[in-house]
Amino acid sequence: MIESEIGAPTFVFASILQPWSRRTHPMTWQHLCAVSKLFEGEPRGFKVGDQRVALYKIDDEIFATEDVCSHAFALLSTGFLEGHVIECPLHGAMFDVRNGRCRAGAYKDIRAFKVEIRDGEIYVKLEGVAAPEAHRHGDVDVNP
């Protein structure tokens, strides 16, 4: 609650504060792994703070998206990659890894993230989070 110019209490609603709260978590580049740990056509998933990110290597290009299907919890990194399209292993939803757009099924798009390669290491632009943990088909790599 804050006071207005005339001294009457004014309530600030959460919807007004939401854009402010986003500014407290700036977008930052997060190191995920070395390029040498990513193989052509084999998605790899990472847990970065409370976010899950999938990396894809296609024709020597690296792409990054959310790793969770927009329909229900299923890791896209355990799905089927054909060309630039990842298919959810549970629901059959298909997403373009270049932009996150849903290509098959009546599902919401997923987020696609910017990727940079620096000295053979993969960095993804995410909302400010802690260091990543890697997983591949349920296994956890302590040092990705």
- Rounded distance (nearest 0.5 Å) linking atom CD of Glu42 with atom NZ of Lys37: 14.0 Å
- Sub-4.5 Å side-chain heavy-atom contact between Val53 and Gln30: no
- Atom SG in Cys69, atom NZ in Lys108: separation rounded to 0.5 Å? 11.5 Å
- When Ile, Leu, Val, Met, Phe, Trp and Tyr are grouped by side-chain heavy atoms lying under 4.5 Å apart, directly or through other members, which residues fall in the same group as Phe80? none
- Kindly assign one of parallel, tilted or perpendicular to the pair His71 and His91, based on the angle between their ring planes and the thresholds 30° and 60°. perpendicular
- Message: Please evaluate residues Arg103 and Asp96 with respect to the criterion salt bridge (Lys or Arg N to Asp or Glu O under 4.0 Å), reporting the C-alpha separation (whole Å), side-chain torsions for both, the decisive distance (0.1 Å), and the verdict.
- Response: CA-CA 7 Å; Arg103 295 291 180 211; Asp96 189 320; 3.6 Å; yes
- Query: So which residues get pulled into Val85's cluster when ILVMFWY side chains under 4.5 Å apart are joined, directly or through others?
  - Reply: Met94
- Are the side chains of Leu76 and Val68 in touch, meaning some heavy atoms are under 4.5 Å apart? no
- Message: Just verifying a value: how many Å separate Cys88 SG and Tyr107 OH, rounded to the nearest 0.5 Å?
- Response: 7.5 Å
- Item | Exercise: do Thr65 and Tyr56 side chains pair donor with acceptor under 3.5 Å | yes
- Transitive ILVMFWY side-chain link Ile117 to Leu126, under 4.5 Å: yes
- Among the clusters formed by ILVMFWY side chains lying less than 4.5 Å apart, do Val115 and Leu38 turn up in the same one? yes
- Minimal non-hydrogen separation, Pro89 against Thr78, with atom names: CG-OG1, 3.4 Å
- Message: Side chains of Cys33 and Phe46, heavy atoms from C-beta outward: is any pair under 4.5 Å?
- Response: yes
- Message: If you define the side chain from C-beta out and look only at heavy atoms, does anything of Ile122 sit under 4.5 Å from His31?
- Response: no
- Message: Membership question, hydrophobic clusters at under 4.5 Å side-chain separation (ILVMFWY): are Leu55 and Ile86 in the same one?
- Response: no
- Message: Applying side-chain hydrogen bond (donor to acceptor under 3.5 Å, both in side chains), can you list everything that pairs with Glu66, at least two apart in sequence or on another chain?
- Response: Arg111
- Query: Is the shortest heavy-atom distance from the side chain of Ile110 to the side chain of Arg101 under 4.5 Å?
  - Reply: no
- Message: According to a hydrophobic-cluster definition based on side-chain heavy atoms being under 4.5 Å apart (Ile, Leu, Val, Met, Phe, Trp, Tyr only), do Val35 and Val48 belong together?
- Response: yes
- Message: Tell me whether Asp67 contacts the main-chain N or O of Ser77 through its side chain, where contact means a donor paired with an acceptor under 3.5 Å.
- Response: yes
- Query: Donor-acceptor pair, Lys114 side chain versus Glu116 backbone, under 3.5 Å?
  - Reply: no
- Task: Show the numbers, then the answer: is there a side chain to side chain contact (heavy atoms under 4.5 Å, CB included) between Glu40 and Asp60?
- Result: CA-CA 7 Å; Glu40 191 75 26; Asp60 288 325; 3.9 Å; yes
- Close side-chain approach of Phe113 and Lys125, heavy atoms under 4.5 Å: no
- Determine the minimum heavy-atom distance between Ala112 and Asn99, stating which atoms define it. CB-C, 3.6 Å
- Query: With a cut-off of under 6.0 Å to the ring centre and 45° to the axis, is Arg98 in cation-pi contact with Phe63?
  - Reply: no
- Task: With rounding to the nearest 0.5 Å, note down the distance linking CD in Glu87 to CD in Glu82.
- Result: 8.5 Å
